[in-house]
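The structure appears right after this line, and notes come after that.
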Amino acid sequence: MKMLLKMRYIAILLSLATLAGCTYFNKIPPVSTLENPTRSRTLGDYEVTGNVVAVQVCAACHGVNGQSKSPMIPNLAGQQKDYLVNQLQNYRDHSRSNEYAVRYMWGMAGPLTNKQIQELAEYFSKQVPVKSMGMNASDPKLARGKEIFEKGIPEQGVIQCNSCHGQTGEGVATFPRLAGQQTYYLIQQLNVWQHPDQKRFMEVGGNTWAPKTITFARPLGVLMQNIVKNLSDEDAKAVAAYLSIL
């Protein structure tokens, strides 16, 4: 009798766990609402649309709605479609090389078709960005960041950010959206632009006795290297903090 009751108790727990799991996954937009109802996490399946890849694969890091939960991973919600297309193509052909590109995005973008890239970019560009609430409005960094964003630092040859990235940081065509982006991610990107010659790292698959060294490369970012090379670390943090609350 005790054994029977124990088995029933276990069955009930399993049922509850299953329901909890279903509740969690029901928060993900049903794939039936997408153009192709195929469910797949297999990169390289050319029959799966970019929309489905976005929900089933990209969402693991960037969020279903393009809002990353990690400060190291960029938000993609509302990002400019043309920018996303360019970057995914550069990841796929390995022409964009920085540490995290080599470690993660080269492999993820490698199997994507041009059609999937277009659909992925379209999907994330249509997601609604969410404003960050992490910064105190009285933080002095915000005032300095706002000044750099709107006016630049002429005496140091740093032009204002909004001349390329839009008046509110929303991005323009191939110039990315910066508004609402993760502060840590922005700081890391600015640091890469500031010191491109220092960015060398081991490719995935290398090892300590036979490393394959990859040199930093951003084929579409020569302009940024020239703009931020005279930006101090403190000013980089200030402008990143300001952009994160736009």
Side-chain angles (χ1 to χ4, degrees), residues 24-31 33-36 38-45 48-134 165 169-171 173-192 204 218 220-221 240 243-246:
Y24 171 78
F25 283 108
N26 282 338
K27 294 178 182 178
I28 297 176
V31 178
T33 65
L34 303 176
E35 294 175 7
N36 187 330
T38 305
R39 295 184 68 90
S40 174
R41 289 183 172 85
T42 304
L43 289 170
D45 184 347
V48 178
T49 66
N51 308 45
V52 177
V53 174
V55 173
Q56 297 295 322
V57 181
C58 309
C61 294
H62 295 282
V64 172
N65 298 320
Q67 294 293 144
S68 166
K69 299 299 183 184
S70 168
M72 298 174 60
I73 300 172
N75 296 325
L76 301 182
Q79 186 55 272
Q80 293 291 321
K81 179 182 175 181
D82 290 345
Y83 172 78
L84 289 173
V85 168
N86 282 346
Q87 298 310 306
L88 285 169
Q89 288 175 341
N90 288 345
Y91 284 135
R92 185 180 62 185
D93 65 21
H94 297 181
S95 59
R96 173 172 172 172
S97 58
N98 57 280
E99 182 177 0
Y100 295 118
V102 174
R103 189 180 297 176
Y104 303 110
M105 289 305 300
W106 279 14
M108 300 303 288
L112 295 176
T113 66
N114 287 334
K115 181 174 180 289
Q116 287 173 324
I117 285 176
Q118 289 285 337
E119 290 168 343
L120 272 169
E122 180 78 13
Y123 173 86
F124 282 114
S125 70
K126 289 183 175 179
Q127 302 307 306
V128 180
V130 178
K131 271 197 170 186
S132 170
M133 304 298 290
H165 293 279
E170 73 279 11
T174 58
F175 291 94
R177 176 187 181 87
L178 302 179
Q181 192 53 270
Q182 303 278 2
T183 305
Y184 180 85
Y185 174 78
L186 288 172
I187 291 171
Q188 294 306 305
Q189 293 303 301
L190 287 169
N191 181 255
V192 166
V204 173
R218 293 284 286 272
L220 302 176
L243 287 167
S244 73
I245 66 165
L246 288 181

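Side-chain atoms are counted along with the backbone in the values below, which use heavy atoms only and exclude waters and symmetry mates.
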| Pair Ser68, Asn75: side-chain N/O donor-acceptor within cut-off below 3.5 Å | no

For the residue pair [X] and [Y], what are the closest heavy atoms and their distance?
X      : Y      : answer
Pro129 : Ala77  : CG-O, 3.6 Å
Leu84  : Ser125 : CD1-N, 4.4 Å
Trp106 : Tyr91  : CD1-O, 3.6 Å
Ala121 : Val85  : CB-CG2, 3.5 Å

Is the shortest side-chain heavy-atom distance between [X] and [Y] below 4.5 Å?
X      : Y      : result
His62  : Ile73  : yes
Leu186 : Leu178 : yes
Gln189 : Arg218 : yes
Thr183 : Pro71  : no
Val52  : Glu119 : no

| remark: Rounded to the nearest 0.5 angstrom, the CD1-CZ distance for Ile117 and Arg92 is 4.0 Å

Quick check: does any side chain N or O of [X] sit under 3.5 Å from a backbone N or O of [Y], one acting as donor and the other as acceptor?
X      : Y      : result
Gln80  : Thr174 : no
Gln67  : Val130 : yes
Gln116 : Val48  : yes

| said: Checking Glu170 now: which residues fulfil side chain to side chain contact (heavy atoms under 4.5 Å, CB included) with it, not counting sequence neighbours? | reply: Thr168, Arg177

